[in-house]
J.: 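Let me begin by handing over the structure; questions about it come next.
None of the values given here were measured: they were computed from a predicted structure. Indexing begins at 1, ligand by ligand and atom by atom, following the structure's order.
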Amino acid sequence: MKFNCELKKVVDDSYDIEIGHSLQDTLVEDLKNCLVGKIKKIVVITDSKVADLYGMDIFKRIDEAGFTADIIIFPEGEKSKTREMKECIEDALLDKECRRDCALIAVGGGVVTDLAGFVAGTFARGVPFINYATTLLAAADASVGGKTAVDTPLATNLIGLFYQPKKVYIDIDTWKTLPKEQISGGLAETIKHGCLGDRELFEYLEKNVEKIFEGDVEACEYIAERNCSVKYKVVMKDEKESGLREVLNLGHTVGRAIETVSDYRLYHGEAVAIGMVAQARLGQKYGFISEENVQRVENLIARAGLPTAVPDYIDKSELVKKLYTDKKVRDGKLRFVFQKEIGDVMQFGDNNYAKEIAEDEIAQIIEGM
Ligand code: GLY
């Protein structure tokens with residue numbers, strides 16, 4: 001006997017991304033207006049650094065608004081993005097008697113939004129969550145698009161799920177408290193977006209990148225809006241990365257590998273910057289990008305305070321081996337996304353945006369960096 005369990009789905013996971021200044025009140029108003037339905041138990045998940053700056057404040061505001069609010073704080077840094085930390089947060093939620101009746105609010109940068117989103121996606125088989133992004137990196141990339149994950153000793157982001165938030169708040173005022181290297185890290189993803197899909201954004205950065213460090217409001221608003229626009233246009237077409245979404249991995253094949261090999265001495269954005277240079281130089285060999293444009297990419301990365309070379313402490317042969325942990329690897333073959341000049345990406349067939357690369361081709365590029 002055989003049954004067909006028909007489970008065709010029409011799902012509307014649409015959500016708003018609100019970009020603005022000091023959006024804490026907006027968040028509370030949205031909760032009052034049923035952003036997470038009838039749920040009254042709201043748990044803020046944040047890290048030890050963001051807790052003092054924004055997490056506690058948001059928790060108190062939610063509590064004062066009449067919700068049953070709670071807060072879970074974990075140690076800041078990429079090294080917290082682990083299966084073990086996910087378990088700690090889940091245990092804390094269970095201790096607080098949360099079941100399917102709670103919603104989570106991730107307040108912080110990419111580590112917080114990736115980790116809290118993953119917890120939300122599996123806790124009680126899925127509870128609603130909201131991202132309140134407090135870094136440029138989270139605003140540019142991590143908080144939007146529904147990718148959630150933890151790292152493992154083997155590689156970053158290998159364990160996770162696609163799980164969309166109910167809303168994303170991008171609070172530009174929070175960038176004022178970011179150290180310079182965190183601004184640089186977010187600029188790496190911003191430059192990536194310019195390279196792969198927004199020539200105007202790239203050219204704007206060439207003229208104005210220093211303004212972002214100065215906290216120029218107009219410049220910050222501009223890049224926040226353009227980052228989201230590049231990203232959501234891709235995610236809307238290919239949420240689960242069956243093809244097109246791979247373009248958002250530009251620079252990440254070498255980037256993720258070097259981040260792990262550096263044992264997180266390199267921040268994600270710094271690692272991506274090095275990966276961007278690697279794909280540009282390899283792309284030049286294939287004729288995908290001119291030497292002049294490769295130089296423009298490298299110059300902009302350097303002006304954003306990001307590295308363009310592989311640091312001396314990195315073992316380059318270990319780095320090449322680590323490339324095979326990339327999720328784009330297919331049948332044991334490395335696959336790279338390449339920018340096409342500036343503002344576009346290469347396509348290598350129907351719905352295929354990544355090219356198979358022989359190991360020695362990329363090894364040569366890395367050797368020369
Ligand atoms: N960070 C790449 C993506 O969201 O697909």
J.: Could you tell me whether Lys147 and Asp114 have a side-chain N and a carboxylate O separated by less than 4.0 Å?
T.: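 Salt bridge between Lys147 and Asp114, a charged N being under 4.0 Å from a carboxylate O: no.
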
J.: If you round to the nearest 0.5 Å, how far is CG of Leu244 from CD of Gln347?
T.: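 Here the rounded value is 8.0 Å.
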
J.: Evaluate the ring planes of Tyr286 and Phe338, with Trp represented by its six-membered ring, and classify them as parallel (under 30°), tilted (30 to 60°) or perpendicular (over 60°).
T.: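 Tyr286 vs Phe338 ring planes: perpendicular.
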
J.: To the nearest 0.5 Å, what is the distance between CZ on Phe59 and CG on Asp70?
T.: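 That separation rounds to 6.0 Å.
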
J.: Within ligand 1, which atoms have a heavy atom of Asp141 less than 4.0 Å away?
T.: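 Listed by number with element, the hits are 1 (N), 2 (C), 4 (O).
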
J.: His252 to ligand 1: N or O pair under 3.5 Å?
T.: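 In fact, backbone or side chain, His252 has no N or O that close.
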
J.: Measure the CZ-CG distance between Phe336 and Leu323 for me, rounded to the nearest 0.5 Å.
T.: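 One finds 5.5 Å between CZ of Phe336 and CG of Leu323.
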
J.: Test your reading of the structure: does Lys192 have an N or O sitting under 3.5 Å from an N or O of ligand 1?
T.: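 For ligand 1, there is no N or O atom that lies under 3.5 Å from one belonging to Lys192.
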
J.: I'd like to check which ligand 1 atoms, numbered from 1 as shown, lie under 4.0 Å from a non-hydrogen atom of Leu248.
T.: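 Ligand 1 atoms under the 4.0 Å threshold to Leu248: 2 (C), 3 (C), 5 (O).
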
J.: Is there a heavy atom in Lys231 that sits closer than 4.0 Å to ligand 1?
T.: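 It does, in that a heavy atom of Lys231 comes within the 4.0 Å cut-off of ligand 1.
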
